[in-house]
Amino acid sequence: MSKFTADISHPRYNSLLNRHKLEVAANKGMLANSAMIAHGRGEAFDYLLGEVTTSNAKHATTNALAHLMAGKRPIITINGNTAALAGKELLQIAEAIECPVEINIFYRTEERIASILKYLEQLKQQHNITTEILGVNPDAKIPGLEGPRADCCSNGILSSDVVLVPLEDGDRCEALVRMGKTVIVVDLNPMSRSAKMASITIVDEITRVTGNMIDMLEQENPPEIDVNFVNAANLQQSVNVIAARYM
Ligand code: PTJ
């Protein structure tokens, strides 16, 4: 496996670092075969957005965090890509808002679950995190989905009221919305089905989102729910940012 050698002054440092994190995770067996394709699609949209957190994305992040903090049974789900890119930060956010995380992968194999679990347990130890990790022994199904992608935990996703599902598949996002949950998606593509289906879509790169959430959690004033938030308008703002950059 190649060693990460890029200099922090490199203009594409973060992009190169994220690619390296995925390379390492792939070697550990954490990722789906199509993980790099999904990441490449994300990178393409990030390039169009200017590789920065736009003001509407920041607002969506604030609103999402406020909903998670106000939830009765919030949950943060972690798949292969998000474990690799932002596993530590997602665990830290869950610790701060006192909710569990659930490993919830689209291309489910027991080998991948075990590999992701091992990685997250190591992060917990290294960073003194006590957050519970669910998802290893699913005992429930997300209604309306077929096969292993429906698997979930009754004390996790199934009974949650607010669910953060970064880089989620459109079908599963739709099924969670049908269950009446507040579904928060992170997706760089403002036109994806997940982005359109979710209650709140953060059109931003997952490592920037988790960094922003951690900054917000460290601030004195807690984030506030925006009762007037309209997700379609938020998505349109991201599309407008892209259009304005290339006109
Ligand atoms: O670990 P698994 O089995 O759950 O599989 C995870 C992937 C991501 C492979 C799986 O969920 C998948 O195939 O996802 P999709 O349907 O390709 O959707 C991924 C979406 O995430 C795309 O719309 C990308 O634009 C977006 N995306 C990719 N990388 C990032 C991202 N959004 C934010 N930050 C990223 N780093």
Side-chain angles (χ1 to χ4, degrees), residues 12 14-23 25-26 28-54 56-58 60-61 64 76-90 101-117 119-120 135-136 138 142 145 147-152 157 163-176 183-198 200-213 235 238-239 242:
R12 308 204 63 77
N14 287 331
S15 166
L16 294 171
L17 179 61
N18 280 348
R19 286 182 178 193
H20 180 72
K21 287 181 184 173
L22 290 171
E23 199 186 325
K28 289 182 179 159
M30 289 166 55
L31 301 189
N33 289 337
S34 58
M36 302 296 186
I37 299 170
H39 186 73
R41 183 154 49 165
E43 276 193 345
F45 278 99
D46 205 16
Y47 191 82
L48 294 175
L49 284 158
E51 296 175 316
V52 291
T53 300
T54 61
N56 65 297
K58 188 75 171 278
T61 307
I76 295 177
T77 76
I78 300 188
N79 66 16
N81 286 45
T82 53
L85 294 171
K88 180 186 82 178
E89 292 76 10
L90 288 168
V101 301
E102 181 165 338
I103 303 173
N104 183 245
I105 61 180
F106 189 77
Y107 301 102
R108 190 179 179 101
T109 66
E110 293 320 304
E111 291 78 12
R112 284 191 60 215
I113 295 279
S115 173
I116 294 170
L117 178 68
Y119 179 64
L120 295 178
V136 179
I142 300 171
L145 293 181
R149 69 199 178 115
D151 290 350
C152 70
I157 290 177
V163 55
L164 173 61
V165 278
L167 282 61
E168 182 56 301
D169 160 75
D171 249 22
R172 278 208 309 205
C173 178
E174 186 172 1
L176 293 169
V183 180
I184 302 161
V185 157
V186 177
D187 194 330
L188 279 159
N189 178 0
M191 291 164 278
S192 76
R193 227 161 68 75
S194 310
K196 289 199 250 182
M197 289 306 312
I200 302 170
T201 304
I202 304 171
V203 183
D204 200 3
E205 205 280 318
I206 183 67
T207 63
R208 291 200 299 269
V209 175
T210 50
N212 286 333
M213 282 190 174
L235 294 177
S238 293
V239 173
I242 294 175

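We count ligands from 1, going down the list as the structure has it; atoms in each ligand are counted the same way. Heavy atoms only: backbone and side chains are in, while hydrogens, waters and symmetry mates are out.
Numbered from 1 in the order shown, with element, the atoms of ligand 1 that lie under 4.0 Å from a heavy atom of Gly80 read 1 (O). Set against the non-hydrogen atoms of Leu85, the atoms of ligand 1 under 4.0 Å away are 36 (N).
Taking each of Ile206, Asn81, Val209 in turn, the one with a heavy atom nearest to atom 34 (N) of ligand 1 proves to be Ile206. Nearest-residue assignment for atom 12 (C) of ligand 1 (options Ala38, Ala195, Pro190, Gly42; heavy-atom criterion): Ala38. When the heavy-atom distances from atom 3 (O) of ligand 1 to Arg108, Arg172, Glu168, Arg112 are ranked, the shortest goes to Arg112. In the candidate list Val186, Asn189, Val203, Leu167, Leu167 is nearest to atom 11 (O) of ligand 1, counting heavy atoms.
Within the structure, ligand 1 has Asp204 among the residues with a heavy atom less than 4.0 angstrom away.
The shortest non-hydrogen separation linking Met30 to Ala83 is CE-CB, 3.8 Å. When all heavy atoms of Ile157 and Thr77 are compared, the closest pair comes out as CD1-CG2, 3.6 Å.
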| message | Could you walk me through whether Glu89 and Met213 satisfy the side-chain contact (heavy atoms from CB on, under 4.5 Å) test, starting with their C-alpha distance in whole Å, then the side-chain angles of each, then the deciding distance to 0.1 Å, before giving a yes or no? | response | CA-CA 9 Å; Glu89 292 76 10; Met213 282 190 174; over 6 Å; no
| message | As a quick check of understanding, evaluate side-chain contact (heavy atoms from CB on, under 4.5 Å) for Leu90 and Leu164, giving each step before the final call. | response | CA-CA 10 Å; Leu90 288 168; Leu164 173 61; 4.2 Å; yes
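Judged by distance alone, the side chains of Thr61 and Asn212 never bring a donor and an acceptor atom under 3.5 Å apart. If you check the side chains of Asn18 and Ser15, you find no donor sitting under 3.5 Å from an acceptor. Arg172 and Asn104 share a side-chain donor-acceptor pair at under 3.5 Å.
Looking from atom 32 (N) of ligand 1 to the surrounding protein, the closest heavy atom is Leu188 N, 3.3 Å. The protein non-hydrogen atom at the shortest distance from atom 35 (C) of ligand 1 is Glu205 OE2, 3.7 Å. Scanning all protein heavy atoms for the shortest distance to atom 16 (O) of ligand 1 gives Arg41 NH2, 3.7 Å. For atom 6 (C) of ligand 1, the closest heavy atom belonging to the protein is Asn79 ND2, 3.6 Å. Here the heavy atom of the protein found nearest to atom 10 (C) of ligand 1 is Tyr107 CE1, 4.4 Å. Remark: minimum distance from atom 23 (O) of ligand 1 to any protein heavy atom is reached at Asp187 OD1, 2.8 Å.
Comment: Lys58 does not engage Asp204 in a salt bridge, judged by the lack of any side-chain N to carboxylate O separation of less than 4.0 angstrom.
Inclusion of Phe106 in the set of residues having an N or O under 3.5 Å from an N or O of ligand 1 is warranted. The N/O atoms of Phe45, backbone and side chain alike, include none that comes under 3.5 Å of an N/O atom in ligand 1.
Heavy atoms from other residues, nucleotides or ligands lying under 6.0 Å from CZ of Arg108 number more than 12.
Within the 4.5 Å cutoff, side-chain heavy atoms of Asp171 are placed close to those of Arg149.
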